[in-house]
Amino acid sequence: MRWSKALIPTHKEDPSDAETTSHKLMIRAGLMRKLTSGVYSYLPLGWRTIRKVETIVREEMDHTGAQEIHMPVLSPAELWKETGRWDVYGAELWRVRDRNGRDFALGPTHEEVVTDIVRNEIRSYRELPFNLYQIQTKFRDEIRPRFGVVRAREFMMKDAYSFHRDEDSLDETYRIMCDAYSRIFDRCSLTYRPVEAATGAIGGSHSHEFMVLSDTGESEVIVCDCGYAATDERAEGKVAPMTSGEEPGEMKPVDTPGMKTIEEVSEFLGVEPWRLVKTIVYEVDGRPVAVLVRGDREINESKLAAALGSEVVEPASPEVIERTTGAPVGFAGPVGLDGIEIIADHSVEPMANIVVGGNRADVHMTNVCPGRDFEPNAYRDVVLVRRGDACPRCGGPLDSFRGIEVSQAFKLGTKYSESMNATFLDEDGTAKPLIMGCYGLGVTRTVAAIIEQHNDENGIAWPKAVAPYSVEILAVNVKSEDVRNLADWLYRELCDRRIDALYDDRNESPGVKFKDADLVGMPLRITVGDRGIKKGIVEARVRATGEESEVPIEGAPDRIAKIVETLP
RNA sequence: CGGGGCGUGGCGCAGCCCGGUUAGCGCGCCUGCUUUGGGAGCAGGAAGUCGGAGGUUCAAAUCCUCUCGCCCCGACCA
């Protein structure tokens, strides 16, 4: 491609609305433009990279025997009502209505649609297992789009769905998919890590996410030297018990006017946060549940939901809190809290003389002792694990890092096949629900992740496999006939060798062209200038390393083709 | 949804508090000449209903009301 004819609108300055490196660079290097919040147009350079990532994904998916299909973005509400997700998925499900008032969803994921296809076409165990995938635009009405294409409302995803007669078969495909993902991310030159994950709105029994290590990532990952790795939602771990070692004192109320938060109460009473216990009222399947956790810790709602055997737990509304505790928000406590289930985190059990809400406005209770002054219905692990806690496997100290979640695999089991009555006839002649797995991979998000890991102060430094072009030919001065002729010739020769080359033939000053070359970041830059021509050479420079070499003009196309081959 | 911030030529911003000629600056863009190895120089030029609507006023980018959009933080952690 000749730059003079290309749409590559670069910017010198960072866009005002971008925060992260990848977002800024994707705008500055002319990969994409925002249309509206969380929605982007991909310009030629951006689209070329997306297609290269897609190609890698396709190759690796096809290699596993998965079959590519293409499902609609638009799906009728009835399908979502069959599985209950019309209600459960929440505001994130992008709903639209047709002229006749019928409800539809713009697909955020396609379990319902694919299961509908399969239940209509599959009869026998003999047809199993198989794996269907698509690469498609997804819609999620995100509460807050962020970081450019990392959290967008419209984005591209590869989603695969596998169907099985038994768990063993599912396990096998799940493993194969995880392996395929490793190959995909290896080929994208990403530093990543598969971690155990919670199942969330998709559901299912077992899940892994692939995390690309990045400080700008939205996910917190808990890791241990022993190999344990899980998202913070999922992570287990032992919280070091904290006890004052004091003799149990006499429980008594204290006035805490307007002190609603742990911080406020802690400061007001001069007591460290860990000696408080917070009581959070949740609504679980329509009933209120009080959850206790040590004051210096947070509740993990995902683990809470699992502990209660419920799919969705949400913090109760102020009205429900007042009704169940008799106090306004901020003063709930377990003492004398009747008629409501109380779940306490293990961290609460060994404590004594703790401070809790008094179930009365502006009152807290002190010297409260679990077991003496109240008895929870159960002690469970519902705490959000963090760095420094003990590893659930080896007991060693847990560490944490930030990551961008580029893919997630789930063992769905029969969650969708049962609710949608998708069955097959097994060998014994009985109808059984299909066992399913699903495997998502964020394509556009992966592009952002690649840029997060491959850039420097001058711009993007693409890995070759996903670079929009492998080589940029930079003609220093196109007014020089020698330079123009040589660069033209080189460009043609490389094109003839089917090397994708970007040829900066613009009549711009050298400075502009060098800066732009660094910004858009093709892996190899070939500089053609009078200076080199005098010496009978062109210059090759590797973008990622800055490594430079001189290539004799004689035989340069072949030599350059060779260099391109060796690039990472 | 709550809080905060921002909307001024294509991009990045100033001006607004304290209303008053033709609304500025940098970059970019167009024309010409010069220049050509790390964001060139000179000269000339085009381009903005100051997000939108309403109001106050002799007069509004500037003050008031409403509204739309974008960004950030938070979203029931008691």
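What you see is a predicted model, and the numbers here were worked out from it, not measured in a lab. Below, each value reflects all heavy atoms present in this structure, side chains not excepted, and no hydrogens, waters or symmetry copies.
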What integer number of Å spans the [atom1] atoms of [N] and [M]?
{"N": "B:rG28", "M": "B:rC64", "atom1": "P", "result": "37 Å"}
{"N": "B:rA23", "M": "B:rG15", "atom1": "C1'", "result": "8 Å"}
{"N": "B:rG52", "M": "B:rA46", "atom1": "P", "result": "24 Å"}
{"N": "B:rG51", "M": "B:rA14", "atom1": "P", "result": "13 Å"}

Just wondering, do A:Lys535 and A:Glu550 contact through their side chains at under 4.5 Å, heavy atoms?
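A:Glu550 vs A:Lys535: side chains touch.
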
What does A:Arg525 touch in the nucleic acid at a heavy-atom separation under 4.0 angstrom: a base, only the sugar-phosphate, or nothing?
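Base: the residue A:Arg525, judged by heavy atoms under 4.0 Å, touches a nucleobase.
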
Quick check on [N]: is either OP1 or OP2 less than 4.0 Å from any side-chain nitrogen or oxygen of [X]?
{"X": "A:Lys34", "N": "B:rG69", "result": "no"}
{"X": "A:Thr36", "N": "B:rC70", "result": "yes"}
{"X": "A:Ser16", "N": "B:rC71", "result": "no"}
{"X": "A:Arg144", "N": "B:rC72", "result": "yes"}
{"X": "A:Lys12", "N": "B:rC11", "result": "no"}

Only pairs with both distances under 3.5 Å count, Watson-Crick or wobble alike; so what is the partner of B:rA40 in this structure?
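Across any shown strand, B:rA40 pairs with B:rU34.
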
Taking a pair as Watson-Crick or G-U wobble with both distances under 3.5 Å, which nucleotide is matched to B:rC16?
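By the stated definition (distances under 3.5 Å), nothing pairs with B:rC16.
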
Could you check whether the rings of A:Phe139 and A:Trp94 sit parallel, tilted or perpendicular, using 30° and 60° as the cut-offs?
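If you compare the ring of A:Phe139 with that of A:Trp94, the planes turn out perpendicular.
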
Could you check A:Lys238 against A:Asp381 for salt bridge (Lys or Arg N to Asp or Glu O under 4.0 Å), going step by step and ending with a plain yes or no?
CA-CA 9 Å; A:Lys238 296 186 189 75; A:Asp381 175 14; over 6 Å; no

Residues in ring pair (Phe, Tyr, Trp, His ring centres under 6.0 Å) contact with A:Phe331, at least two apart in sequence or another chain
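Expected list: A:His364.
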
